[in-house]
Amino acid sequence: MVAPAVPELTEELLNESIEARTETLAALRELGPPDLVQLIKQAPRNPGKQIGVYHHVTGVDASSSASLAAYINTLTYKETNQSTTKIVEGVYCCYNAFSRLDMRIHVRIPGGVDSFCIDERGDKRHASDELWLETYLCSVLRAYSYADDGSGDTIRKIMGVRRFNPVTTTETEHRFLQAAEQLFFRGWQLGSDSVVQVPNNVSNHLTAGLLKYFHTTGRFASGINLFEKLRSKNVEVSSLLAKVLLMGNEEVQAVRVLHDSIKQSPMDYVMLDTQAEFLKKKALNPNTPELKQERLKMALGCADRSTVAAPSEFGTWARLAEVYVSMEDWENALTTLNSCPMFTYQDKDAPMMPEPKEIFLPTLPETRLDEIDSEPESKYGEQIHPSLLSLRAAQYRGTFKQAYSILTEMTAKIGWDQLLKIRSNVFVMEEEYRSESKPAPGPQGDAEKRSASTDVLRGSPGPPINGDDHTDDGKSATGESTAPTLVAENGVTDSGAEESVEKPSHTVTPEEVKGGNEDAEATEEQLSRFNNKRLCERWLDSLFMVLYEDLRIYTIWRTEMAQYRAQSLHYKKSAEEWEILGSLAERLHHQAEAVEAFRACLSIRFSPKALSGILADFEKDKNTRETVASVIRLVTWQYRWYSEFSPELLLTIRTLIEDEGAVKVRSIIQATSLPQNVLDLTHHYAALCAAFRSSGTEG
């Protein structure tokens, strides 16, 4: 199989990339950045002049210094007779997140290989076999963590990263799982996803990587075998064993494992959460409404108990809120969401490099496809409306993204107006709090114009949360729903809306109550008058305003579309705008409208994000030919940008093969009217499924 091309970023000063990496070692928090490969080149006729170039890489075998030296050796083979320079030295840097050391090998061509490691202070240390084992495991986990999901978002974050599949055979899988077994109970040292407050034995980057591996490759028997062995040492591992059993459709066995283990550890929040998630899914397609309610009540009991077991974890409260949403208990869902502990999002460790002198991003002939190659050029001239660029929900990550998803799911089910009514029933609104604390001096006619809907539309001038640095100016506060906003944009506003621009109103937050009234007894007495209403957390108040902005833009878009269609006119937007509108519709759970926007984007130019959005729809509808056609283009785009491995695309191919059989899938790939070199790239993914003996590859 052809390897991706080698990008080159040229250093301004020799070895500055190595020095920059050494300086940032102390600041690394979790798995570390992708591996750095720095090469020194010189012209054969001018040996005194040396040039430093570098690129990043993931998925290379980091089990020993020899395997890393072999990678640098392969780069020398890519030097052709026409090259004006040749590689004379190379340094490979690979981060060991267990021991917080940067493992390095220095290759001289021709000459020897030196292996050593650098600690956070920049001091050299000896590289032992145990350190190489830790480094190898970190390398595999990084390959999955930094892999792109097919949309291209991860690829665009860091320039010039070659991505390889770290586990391509059952032999390499055995070595990976053996390393994971040896180091399993140190996995908490690697940290965890941003939604987990405290990493533990079963919630960390190691367990997340293992579960993603089993889910992607379908190697459930290997996962069951691994977790059965580890479970004998610690009952906590039962939750992971149950998750892999559920992935492999072994539901009865999974329930037995959870039932037996919960007896031994009744307050294990991960096991309780796994039970709640399973019961909630089983309630989606029940035979009778009574059965649905019964399963949801069981899920509610597990989710409620998990919040008691781990009150500081976001995931337990979010699960409880999701169960309430499924039960259509909207007030409790909103109250539970308000109770979620929110954490600042910590992004993955990324390389901090000085500005390169030159950037060379070559293209392999095997990845040539006209519609993909034209993508970068056609992006430059696109116009984007400022209102689409300022949608804050697109920037949400971690706990805020999940909480926003629960809020939008509620909105999709009951509507914006109903959500606002429930909000005013659950939370103390600013107007009623002010009128209770001291009578308003003005006539009561002004207060009568206001409602819960008006209160939410005026926003909350709170501090920035999770990258939220936009302050709402209140100009969009117009009434009971988003429809009057369209009228206001056309120049027609009522006097109530004009008055509200001067002083935005919002719900009352705990900070305001504490700051405005130092007498605790008076505060309690005052709040008891509000029929046991809650104080809305500032972050949730902010989420309502962000949701309002999303709904406002969405409503404007759909209204304009309808007007243009009624007049048989073409509705024009740039490809980037269609991409943003598609993501907006996805966030608001309007899948049909999202697909419509993504199709409009693709009719103008190629977009991996838009095609990924449509691919999910094709998979849902079991549209095999369209799914294969989309995967071929996405795989080619990935190779174009130096990535031969995307877990999500591999999963899509594996699922197709399970459903349709390998022979049929290969035939559909081959029957596509695209160049053979492009088809071979997708055949490579199908060959991986055969190597792992996935279901459907026998025929």
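Residues: numbered from 1 along the sequence shown. Since the model is a prediction, treat every value here as computed from it, not as a measurement.
The side-chain heavy atoms of I118 and R21, taken from C-beta on, include no pair separated by under 4.5 Å. Contact of the L361 side chain with the W641 side chain is registered, since non-hydrogen atoms from C-beta on lie closer than 4.5 Å. Taking 4.5 Å as the limit, some side-chain heavy atom of I105 sits within range of a side-chain heavy atom of I72. A 4.5 Å side-chain heavy-atom check between F278 and E251 finds at least one atom pair inside the cut-off. Side chains of F214 and F227 form a contact here, defined as non-hydrogen atoms less than 4.5 Å apart. Counting heavy atoms from C-beta outward, Y685 and V635 have side chains that approach closer than 4.5 Å. The side-chain heavy atoms of S145 and K348, taken from C-beta on, include a pair separated by under 4.5 Å. Looking at D349 and R29, their side chains come closer than 4.5 Å, going by heavy atoms from C-beta outward.
Rounded to the nearest 0.5 angstrom, N204 CG and R186 CZ are separated by 12.0 Å. Atom CH2 in W132 sits 7.0 Å away from atom OG in S67 (nearest 0.5 Å). The OG atom of S63 lies 10.5 Å from the CG atom of D129; values are rounded to the nearest 0.5 Å. In this structure, CG in L681 is found 5.5 Å from OH in Y639, a value given to the nearest 0.5 Å. In this structure, CG on L649 lies 7.0 Å from OG on S612, to the nearest 0.5 angstrom. Between the CD1 atom of I668 and the CG atom of L679 there is a distance of 12.5 Å, given to the nearest 0.5 Å.
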Item checked: side chain to side chain contact (heavy atoms under 4.5 Å, CB included) between T170 and R219, worked out -> CA-CA 10 Å; T170 51; R219 301 282 294 172; 3.5 Å; yes
Note to self: I'd like to know whether R640 forms a side-chain hydrogen bond (donor to acceptor under 3.5 Å, both in side chains) with T363, so could you lay out the CA-CA distance, the side-chain angles of the two residues, the decisive distance to 0.1 Å, and finally the verdict.
What the structure shows: CA-CA 6 Å; R640 166 69 183 85; T363 306; 3.0 Å; yes
Next item on the list: Check step by step if side chain to side chain contact (heavy atoms under 4.5 Å, CB included) holds for R142 and D35.
Entry: CA-CA 9 Å; R142 259 195 306 275; D35 303 350; 3.4 Å; yes
Checklist line | side chain to side chain contact (heavy atoms under 4.5 Å, CB included) between S583 and K609, worked out | finding: CA-CA 9 Å; S583 300; K609 190 178 184 71; 3.2 Å; yes
Next item on the list: I would like to know whether Y345 and Y396 meet ring pair (Phe, Tyr, Trp, His ring centres under 6.0 Å); could you show each step before the answer?
Entry: CA-CA 9 Å; Y345 177 69; Y396 278 152; over 10 Å; no
Note to self: For R100 and E134: C-alpha separation, side-chain torsions, deciding distance, then whether salt bridge (charged side-chain N to carboxylate O under 4.0 Å, His left out) applies.
What the structure shows: CA-CA 10 Å; R100 299 185 64 83; E134 295 171 358; over 6 Å; no
Next item on the list: Check the pair V53 / L9 against side chain to side chain contact (heavy atoms under 4.5 Å, CB included), numbers first and verdict last.
Entry: CA-CA 5 Å; V53 298; L9 287 78; over 6 Å; no
Item checked: From CA spacing to verdict: side-chain hydrogen bond (donor to acceptor under 3.5 Å, both in side chains), E173, S222 -> CA-CA 9 Å; E173 178 198 85; S222 299; 2.9 Å; yes
Item checked: Verdict with supporting geometry, K622 and D659, salt bridge (charged side-chain N to carboxylate O under 4.0 Å, His left out) -> CA-CA 9 Å; K622 301 290 182 184; D659 294 343; 3.2 Å; yes
Check: Given E660 and T624, is the side-chain hydrogen bond (donor to acceptor under 3.5 Å, both in side chains) satisfied, shown in steps?
Finding: CA-CA 8 Å; E660 306 288 345; T624 305; 3.0 Å; yes
Next item on the list: Check the pair Q676, Q670 against side-chain hydrogen bond (donor to acceptor under 3.5 Å, both in side chains), reporting the backbone distance first and the verdict last.
Entry: CA-CA 8 Å; Q676 185 61 43; Q670 199 57 43; 2.5 Å; yes
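In this structure, the side chain of R633 does not engage the main chain of P608 through any donor-acceptor pair within 3.5 Å. Here the side chain of S643 pairs a donor or acceptor atom with the backbone of F645 at under 3.5 angstrom. Without hydrogens or angle criteria, T627 side chain to N623 main chain gives a donor-acceptor distance under 3.5 Å. Between the Y146 side chain and the V57 main chain, no donor and acceptor come within less than 3.5 Å of each other. Checked by atom type and distance alone, the side chain of K86 never pairs as donor or acceptor with a backbone atom of A43 at under 3.5 Å. Counting only distance, with no hydrogens or angles, the side chain of T85 and the backbone of K41 share no donor-acceptor pair below 3.5 Å. Counting only distance, with no hydrogens or angles, the side chain of N677 and the backbone of E366 share a donor-acceptor pair below 3.5 Å. Here the side chain of D148 pairs no donor or acceptor atom with the backbone of Q638 at under 3.5 angstrom. Formation of a donor-acceptor pair under 3.5 Å by the E11 side chain with backbone atoms of S17 is found in this model. Remark: the backbone N or O of A5 is paired with a side-chain donor or acceptor of R162 at under 3.5 angstrom.
Nearest heavy atom pair, residue C93 against residue I18, reads SG-CD1, 3.8 Å. Closest approach of P34 and V161 over heavy atoms only: CB-CG1, 4.5 Å. Shown here for K212 and Y144, the closest heavy-atom pair between the two residues is NZ-O, 3.3 Å. The two residues A179 and L137 come nearest to each other via the heavy atoms O-CD2, 3.9 Å. Minimum interatomic distance between T367 and T636 (heavy atoms only, all atoms of both residues): O-CG2, 3.6 Å. Between Y54 and P356, the shortest heavy-atom distance links the atoms OH-CB, 4.2 Å.
E644 and H684 form no side-chain donor-acceptor contact under 3.5 Å, judged by distance and modelled atom types alone. There is no side-chain donor-acceptor pair under 3.5 Å between E619 and T655. Side-chain contact, E8 with H55: no donor N or O sits under 3.5 Å from an acceptor N or O. There is a side-chain donor-acceptor pair under 3.5 Å between N15 and Q38.
Comment: R605 engages E576 in a salt bridge, judged by a side-chain N to carboxylate O separation of less than 4.0 angstrom. Salt-bridge formation is detected for the pair K229/E181: a Lys NZ or Arg NE/NH1/NH2 atom is positioned less than 4.0 Å from an Asp or Glu carboxylate oxygen.
Between Y213 and F176, the distance from one ring center to the other falls under 6.0 angstrom.
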Can you list, pair by pair, the side-chain donor-acceptor contacts under 3.5 Å of residues 592-600, counting residues two or more places apart and other chains?
unit_1	atom_1	unit_2	atom_2	d
E596	OE1	R558	NH1	3.2
E596	OE1	R558	NH2	3.2
E596	OE2	R565	NH2	2.2

Please set out all donor-acceptor pairs under 3.5 angstrom arising from side-chain atoms of residues 686-693, sequence neighbours excluded.
none

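Under the 6.0 Å distance and 45° angle rule, R175 counts as a cation-pi partner of Y136.
Not counting sequence neighbours, the partners of R104 by the side-chain hydrogen bond (donor to acceptor under 3.5 Å, both in side chains) test are T22, D102.
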